[in-house]
Amino acid sequence: MNDFENIAKTYDPKQVEDRTYDKWLKKGYFHADIDESKAPYTIVIPPPNITGQLHMGHALDNTLQDILIRWKRMQGFCTLWLPGTDHASIATEARIVEAMSEEGLTKDDIGREAFLKRAWEWKKLYGGRIVEQLKKIGCSCDWERERFTMDEGLSDAVREVFIKLYNKKLIYRGERIINWCPKCCTSISDAEVEFEEHEGHFWHIKYPVKDSDEFIVVATTRPETMLGDTAVAVNPDDERYTKLIGKTVILPLMNREIPIIADEYVDKEFGTGAVKITPAHDPNDFEVGMRHKLEQIRVMNDDATMNEKAGQYQGFDRYDARAKIIKDLNELGLLDKIAGHTHNVGTCYRCNTVIEPIMSKQWFVHMKPLAKPAIEYVKNGTIKFVPDRFSKIYYNWMENIQDWCISRQLWWGHRIPAYYCLECGETIVSAEKPELCPKCKSSKIEQDEDTLDTWFSSALWPFSTLGWPKDTEDLRYFYPTNVLVTAYDIIFFWVARMIFSGIENMGREPFKYVFIHGIIRDPQGKKMSKSLGNGIDPLEIIDGYGTDALRFALVSGNSPGNDQRFSVEKVESSRNFANKIWNASRFVLMNFDENPDFSAIDGKKFEMADKWILSRLNTLIKEVTENMGKFELGIALQKVYEFIWDEFCDWYIEFVKPRLYDRENESRPEAQYVLNHVLANSMKLLHPYMPFITEEIYGHLVTDDESIMIAKWPEYNDKFVFKSDEESMQLIMDAIRNIRNIRAEMNVPVSKPAKLIFVSENKKQQETLKAGASLFQRLAGASETIVQGDKDGIPVDAVSSIISGAEIYIPLEDLIDVKKEIERLEKEKANLQKEINRADGKLNNEGFTAKAPKSVIDEEKAKKEKYKIMFKKVEERLASLKK
RNA sequence: GGGAGCUUAGCUCAGCUGGGAGAGCACCUGCCUUACAAGCAGGGGGUCGUAGGUUCGAGCCCUACAGUUCCCACCA
């Protein structure tokens, strides 16, 4: 015994975590030094927004990355986990605008320069918060390489890519229908629009045909856009309207003459079959307008109020204008009818405001040529999605991709490196502001006011963070990265864009695997969200249960790509596991001698139980490593859990107790050694998942390592395969379980010792059972263990159990009720009969014997034999009881 | 309209290439046994959504259907 006896009986994460993390930091374990003798293993973090607070999604995502990184580091790779943050243009700008409005200020009040100054201050103040939170969950990132999307180097990368794509004509500026968010006051990309089902109306409006009494009725969900109508379209094959094609209608309220045109776009079956065409406010109408060379009249301002083109409705908000228009039309008798209509309305993914499709001059990325190789890289397996089904989602998006609107009417972000000559209108795309216009030599040049979509810079993250466009050592060594870990909801925004950007700019894939996980939901299965207030704060969970427990709860029992519900109960049981390990370790340590030294351990002195657990550990190492290699982290963790709790704690520790308690026992050092060895290796296997407690325990064990973080990952070793000992221990454990079983059934607690008689004809089994005597005594309440080859002298009033190969008799004297015992055995007999029948059924099936693999057939035959023997023994026992 | 996932014990979920259904929690019965009551020992509980099919053999593969969740498209 030693000091470890006095260690707390419960594991206290607070005493361990921060101290341990600091130690790792100080030792520089997180830092990756390029080592050409090693293979690199790289992960770039999905950069959290500087506005962000750690939520469960981050906790899961980063735990998964940390598991992979820690595992690979132990395997001897030169691992780099590169961290950083994203400037998150819209989200951050919104925060700053909000803060300013509390001071009664607007962006325009203070101007661009002052605004950016504030933004950088804000970043300085809050940008590091999420990074500190990542440290709390144990992330082993190389903080010396931390990057920010608006760092100088990364901004260079952005400009470089913009210029390059512009010169290749893959970036262009054009006037098109874009998604406009009136609240954020910026355009957003298609991917940033979320559709919501709204209960709306379908207003049928009568447009008078010029020089006639006729009307043509159009149906719309957005009547306010009619102010910008420049045509009415019908299907050319629609006989109802054939005679009207080419005629003119008077646009109500505006009294403008607009033509009736024919276009295939119109669906005869839908609505009235006649469509008002508003090229400046609808993407389809825009296309129709282009085909028919229609005028584009934009009737709305950027804040979604009506503009001067809206006539009497100028100044109205879009919805007020809508109400007034309906009212006015009704008064004019031009409102044909109002139908209920549920339809999907696009909203801004940041602020949830209904977006307005508006014609606007913006910058776009021409996507088709970039999408093509990006599809190819996944198709040919250069990049693999895990699980594979997500590649379908990716194809589906990439194959139907539209051009990407990248300009934003925001200030916080990378300003577009395009300059316009105020004299001749020339556009110059350049990293630096040109002195003179190359065309007219004017010096009146101004830079484009807009910034780029945040995702434009994050698309470059896997190489911009490594130094690109400079040709750095880091870039050469660590690129391409190995795996990207993210949730499925970000495949379009980010993963897809990184893929084509990596291929386009680096000529190589940005990563080899995309490891996709699901969303963490609340206990009711709802998505956690700020607005619902159902989010569970990971930091609170850490505070209450420890980081390791949180990590365990997030990873165990979950399979890749699937959503999961988060429950405190699960964290509790994870915490219990941590505690279990803690106490197992306490036990091991308090049974060490003063200065444990295992240099004199003799493998020949290993007992059956030692070889059994070593063999089991060996198998575990193999399986866990295989599972992790396939990203089956939940399965791997489950196996470690079961090994530690069920095999190591519940069995092995119980097995070795007598050897430890007896200081004279000659294999006591071997037991200590095996405890140390198995625990140390279990901790290694567990370390990627539960880094803190494993480090703490490992530090107390006898090892050559200064930290488990940099210890060598265990490897499968043929030398530790002890099949025969595994079988023997299986027999002993089966026997103990059976005896406990009987005793529980008979209400005889293990604390009441009873004699144990084993009957077995098999020499090896006899020896095994004899060797197990002390175990039977300790774990099955045996007062004495007798092993014999026949049934001579077995008392009639003994309770019996037949296990594979051996008969167990427990003479319980007056405690036994013979009638009850017969009943029990009859039941047993019936069960065995059922098993025999099942095996027979298979073996008598010609199809089975002809087609099943030999190993399966042999297995079945062996089972049948086994059950037949057991059956016979039960029968015999019954016969003797009935006498 | 197109696509994907899910449906397994009371609850939450695992189940790897098809070869006798598992865990955690909950529940029941014993135990404060000198590592751990956040524990130990034992136990009950499932015709694996339904119906077909392939196969010697299906929770797993195929088809249809039902329920459910999500993604994409966006017919004005």
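So you know, we letter chains A, B, ... as the sequences are listed, proteins then strands, and number each from 1.
- Applying the side chain to side chain contact (heavy atoms under 4.5 Å, CB included) test to A:Glu696 and every residue at least two apart in sequence or in another chain returns A:Val16, A:Arg19, A:Thr20, A:Trp582, A:His700.
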**Study point:** Nucleotide-resolved protein contact map, nucleotides 36-42 of chain B, B/S/- at heavy-atom distance under 4.0 Å
**Key:** B-BSSSS
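- Across residues 555-571 of chain A, A:Gly557, A:Ser559, A:Asn562, A:Arg565 each have a non-hydrogen atom less than 4.0 Å from an atom of RNA chain B (numbered order).
- Annotation: side chain to side chain donor-acceptor pair (under 3.5 Å) contacts of A:Thr230 (sequence neighbours excluded): none.
- The base of B:C72 has none of its N or O atoms less than 3.5 Å from a complementary donor or acceptor on the side chain of A:Asn396.
- For A:Asp522, the side chain to side chain donor-acceptor pair (under 3.5 Å) partners at least two apart in sequence or on another chain are A:Asn534.
- Under the salt bridge (Lys or Arg N to Asp or Glu O under 4.0 Å) criterion, A:Glu654 pairs with A:Lys657, A:Arg778, not counting sequence neighbours.
- Taking the centre of each ring, A:His517 and A:Phe515 stay at or above the 6.0 Å mark.
- Remark: A:Lys276 pairs with A:Thr225, A:Asp229, A:Thr278 by the side chain to side chain donor-acceptor pair (under 3.5 Å) rule, at least two apart or across chains.
- With both ends at atom P, the span from B:A51 to B:A66 equals 15 Å, rounded to whole Å.
- Note on A:Pro853: a base of the nucleic acid sits closer than 4.0 angstrom, heavy atoms only.
- A:Lys868 meets the side chain to side chain contact (heavy atoms under 4.5 Å, CB included) test with A:Ile836, A:Lys864, A:Glu865; sequence neighbours excluded.
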Show me the donor-acceptor pairs within less than 3.5 Å that the side chains of residues 384-393 of chain A make with the rest of the protein, sequence neighbours left out.
{"from": "A:Lys384", "atom 1": "NZ", "to": "A:Gly381", "atom 2": "O", "distance (Å)": "3.2"}
{"from": "A:Asp388", "atom 1": "OD1", "to": "A:Ser391", "atom 2": "OG", "distance (Å)": "3.1"}
{"from": "A:Arg389", "atom 1": "NH2", "to": "A:Asn562", "atom 2": "OD1", "distance (Å)": "3.1"}
{"from": "A:Ser391", "atom 1": "OG", "to": "A:Asp388", "atom 2": "O", "distance (Å)": "2.4"}

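- If you measure from atom CD1 of A:Ile491 to atom C1' of B:G3, you get 13 Å, rounded to the nearest angstrom.
- At the heavy-atom level, A:His341 lies under 4.0 Å from the strands shown only through sugar-phosphate atoms.
- At the heavy-atom level, A:Tyr394 lies nowhere under 4.0 Å from the strands shown.
- Across all strands, A:Asn845 comes closer than 4.0 Å only to sugar-phosphate atoms, never to a base (heavy-atom distances).
- Among the protein residues, A:Ala850 comes within range of no part of the nucleic acid, since none of its heavy atoms lies under 4.0 Å from any strand.
- Taking atom C1' in both B:G22 and B:U8, the straight-line distance is 10 Å, to the nearest Å.
- Using a 4.0 Å heavy-atom criterion, one finds that A:Ile653 contacts the bases of the nucleic acid, with or without backbone contacts as well.
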Study note, to complete from the structure: For RNA chain B, the dot-bracket notation using Watson-Crick and G-U wobble pairs below 3.5 Å, [ ] for pseudoknot-type crossings and | for other-strand pairs, is (((((((..((((.....[..)))).(((((.......))))).....(((((..]....))))))))))))....
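- Using a 4.0 Å heavy-atom distance criterion, A:Phe390 is classed as making no nucleic acid contact.
- The same atom, P, is picked in B:U63 and in B:G3; the two are 12 Å apart, to the nearest Å.
- Residues passing the side chain to side chain contact (heavy atoms under 4.5 Å, CB included) test with A:Tyr265 are A:Asp263, A:Asn284, A:Asp285, A:Val288, A:Arg291, sequence neighbours excluded.
- Applying the side chain to side chain contact (heavy atoms under 4.5 Å, CB included) test to A:Glu626 and every residue at least two apart in sequence or in another chain returns A:Lys622.
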